[in-house]
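To start, the structure under review is shown below, and the notes come after it.
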Amino acid sequence: MRVHRVLTAAATTGAVAALGLTAAAPVQAAEYSSALKIKGVQYDAPGRDSNKCSGGNTKNEYLTIKNYSRSKVNLKGYVVKDATGNKFAFKDSHTLEPGDYVHLRGGKGTDSDAKNVVHRQNCNFIWNNDKDTIYLYKPSGARADVHAYTKKANDKDGNGYITYHG
């Protein structure tokens with residue numbers, strides 16, 4: 001009986017491969033082996049969108065990246081991108097202790113380890129208010145985490161914030 005089950009599973013796998021079928025999973029379903037992951041995103045800054053450097057609200061759009069490991073991790077070299085290729089590279093050292101997080105904010109400002117904030121030094125919004133994909137890459141170029149969202153499917157309370165990893 002045991003051999004029969006193994007042959008059945010192998011036959012099914014072979015049939016799927018012969019037909020050229022693959023198991024397509026949603027982008028956000030992939031789990032990557034990474035200390036850092038996207039905890040959440042404020043993709044729609046509260047208020048009316050204004051990307052003016054003075055008086056605008058891009059600073060209220062942010063991505064939260066958390067260290068889920070038991071070791072310190074330096075963000076230097078990590079890259080964040082959206083679906084259209086807008087990107088931000090962490091060029092300076094910013095160390096996250098185990099369980100610590102950083103808010104990557106839009107707008108201009110002073111980065112602070114003590115306040116867990118890094119500014120993109122760019123007053124343009126990076127995340128779309130209707131849908132987008134967020135990519136986090138390790139310094140090696142390997143993908144650390146990725147999440148796709150749509151306002152309708154992922155933001156049930158409509159507050160512009162989505163949580164991914166708790």
Side-chain angles (χ1 to χ4, degrees), residues 22-47 49-51 56-166:
T22 59
V27 174
Q28 66 272 20
E31 274 298 323
Y32 295 93
S33 174
S34 176
L36 300 183
K37 293 187 184 283
I38 300 164
K39 183 178 183 330
V41 62
Q42 180 72 50
Y43 69 92
D44 187 359
D49 284 355
S50 172
N51 62 354
N57 66 339
T58 57
K59 68 182 177 300
N60 296 324
E61 178 187 86
Y62 61 92
L63 182 69
T64 305
I65 300 169
K66 183 175 177 180
N67 179 359
Y68 288 89
S69 77
R70 295 182 186 151
S71 304
K72 292 180 183 181
V73 178
N74 191 335
L75 285 166
K76 187 174 183 176
Y78 276 81
V79 174
V80 172
K81 290 185 182 180
D82 75 345
T84 60
N86 294 310
K87 72 178 187 175
F88 173 83
F90 289 91
K91 295 179 182 170
D92 298 323
S93 289
H94 188 91
T95 302
L96 294 180
E97 298 289 331
D100 204 3
Y101 65 91
V102 66
H103 291 304
L104 174 60
R105 291 193 175 275
K108 296 186 178 184
T110 303
D111 297 346
S112 171
D113 280 339
K115 293 183 179 179
N116 293 335
V117 66
V118 172
H119 293 85
R120 290 190 296 110
Q121 305 304 335
N122 181 322
C123 296
N124 293 320
F125 291 97
I126 191 171
W127 313 118
N128 292 329
N129 289 352
D130 58 345
K131 64 181 179 178
D132 212 333
T133 303
I134 305 164
Y135 300 92
L136 176 63
Y137 292 96
K138 298 176 184 181
S140 67
R143 197 174 280 172
D145 202 9
V146 61
H147 294 280
Y149 68 84
T150 65
K151 183 174 187 164
K152 184 176 180 181
N154 304 107
D155 188 9
K156 299 296 184 192
D157 62 6
N159 69 355
Y161 188 83
I162 300 169
T163 300
Y164 295 112
H165 300 281

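Each residue takes its place number in the sequence, starting with 1.
Atoms NZ and OH, from Lys39 and Tyr101 in turn, are 9.0 Å apart once rounded to the nearest 0.5 Å. Taken to the nearest 0.5 Å, the CG atom of Asn122 stands 8.5 Å off from the CG atom of Asn86. To the nearest 0.5 Å, atoms OH (Tyr135) and CG (Asp82) are separated by 9.0 Å. Atom OG1 in Thr110 sits 8.5 Å away from atom NZ in Lys115 (nearest 0.5 Å). Here OG1 of Thr163 is found 12.5 Å from CD1 of Ile38. Values are rounded to the nearest 0.5 Å.
Between the Asn51 side chain and the Thr58 main chain, no donor and acceptor come within less than 3.5 Å of each other. Side-chain atoms of Asn74 come within 3.5 Å of backbone atoms of His94 as a donor-acceptor pair (strictly under, hydrogens ignored). When atom types are taken as modelled, the side chain of Asn60 and the backbone of Pro46 share no donor-acceptor pair closer than 3.5 angstrom. The backbone N or O of Asn159 lies less than 3.5 Å from a partner atom in the side chain of Asp157, making a donor-acceptor pair. For the pair Asp44 (side chain) and Asn129 (backbone), a donor-acceptor distance under 3.5 Å is absent. Listed for the Gln121 side chain is a donor-acceptor partner under 3.5 Å among the backbone atoms of Gly109. Remark: the backbone N or O of Leu36 is not paired with any side-chain donor or acceptor of Tyr78 at under 3.5 angstrom.
Contact check for Leu96 versus Leu75: side-chain heavy atoms found under the 4.5 Å cut-off.
Scanning all heavy atoms of the two residues, the minimum distance from Ala45 to Asn57 falls at CB-O, 3.5 Å. Across all their heavy atoms, Lys81 and Lys87 have their closest contact at CG-CB, 3.5 Å. In terms of heavy atoms, Glu97 sits closest to Lys72 at OE2-CE, 3.2 Å. In this structure, Cys123 and Lys108 approach most closely via the heavy-atom pair SG-CG, 4.1 Å.
Ring orientation note: the planes of His103 and Tyr62 are nearly perpendicular, at an angle over 60° on the 30°/60° scale. In this structure, Phe88 and Phe90 have perpendicular ring planes: the angle between them is above 60°, well past the 30° mark. Using a 30° and 60° split on the angle between ring planes, Tyr43 and Tyr149 fall in the tilted class, from 30° to 60°.
Taking the ring axis of Tyr164 as reference, the NZ or CZ atom of Lys37 does not stay both within 45° of it and closer than 6.0 Å to the ring centre.
The list of disulfide bond (SG atoms under 2.5 Å apart) pairs with a residue in residues 128-166, not counting sequence neighbours, is empty.
Counted within 6.0 Å of NZ on Lys59, heavy atoms from surrounding residues, nucleotides or ligands total more than 12; the atom is thus considered enclosed. The number of heavy atoms from other shown groups lying within 6.0 Å of OH (Tyr161) is above 12.
For the residue pair Asp100 / Asn116, a side-chain donor-acceptor distance below 3.5 Å is found, with atom types taken as modelled. No hydrogens or angles considered: nothing links the side chains of Asn154 and His147 as a donor-acceptor pair under 3.5 Å.
Trp127 pairs with exactly one of Thr133, Asp132, Ile162 by the side chain to side chain contact (heavy atoms under 4.5 Å, CB included) rule, that one being Asp132. With Val118 as the fixed residue, the side chain to side chain contact (heavy atoms under 4.5 Å, CB included) test singles out one of Asp111, Leu63, Ile65, Asp92: Asp111.
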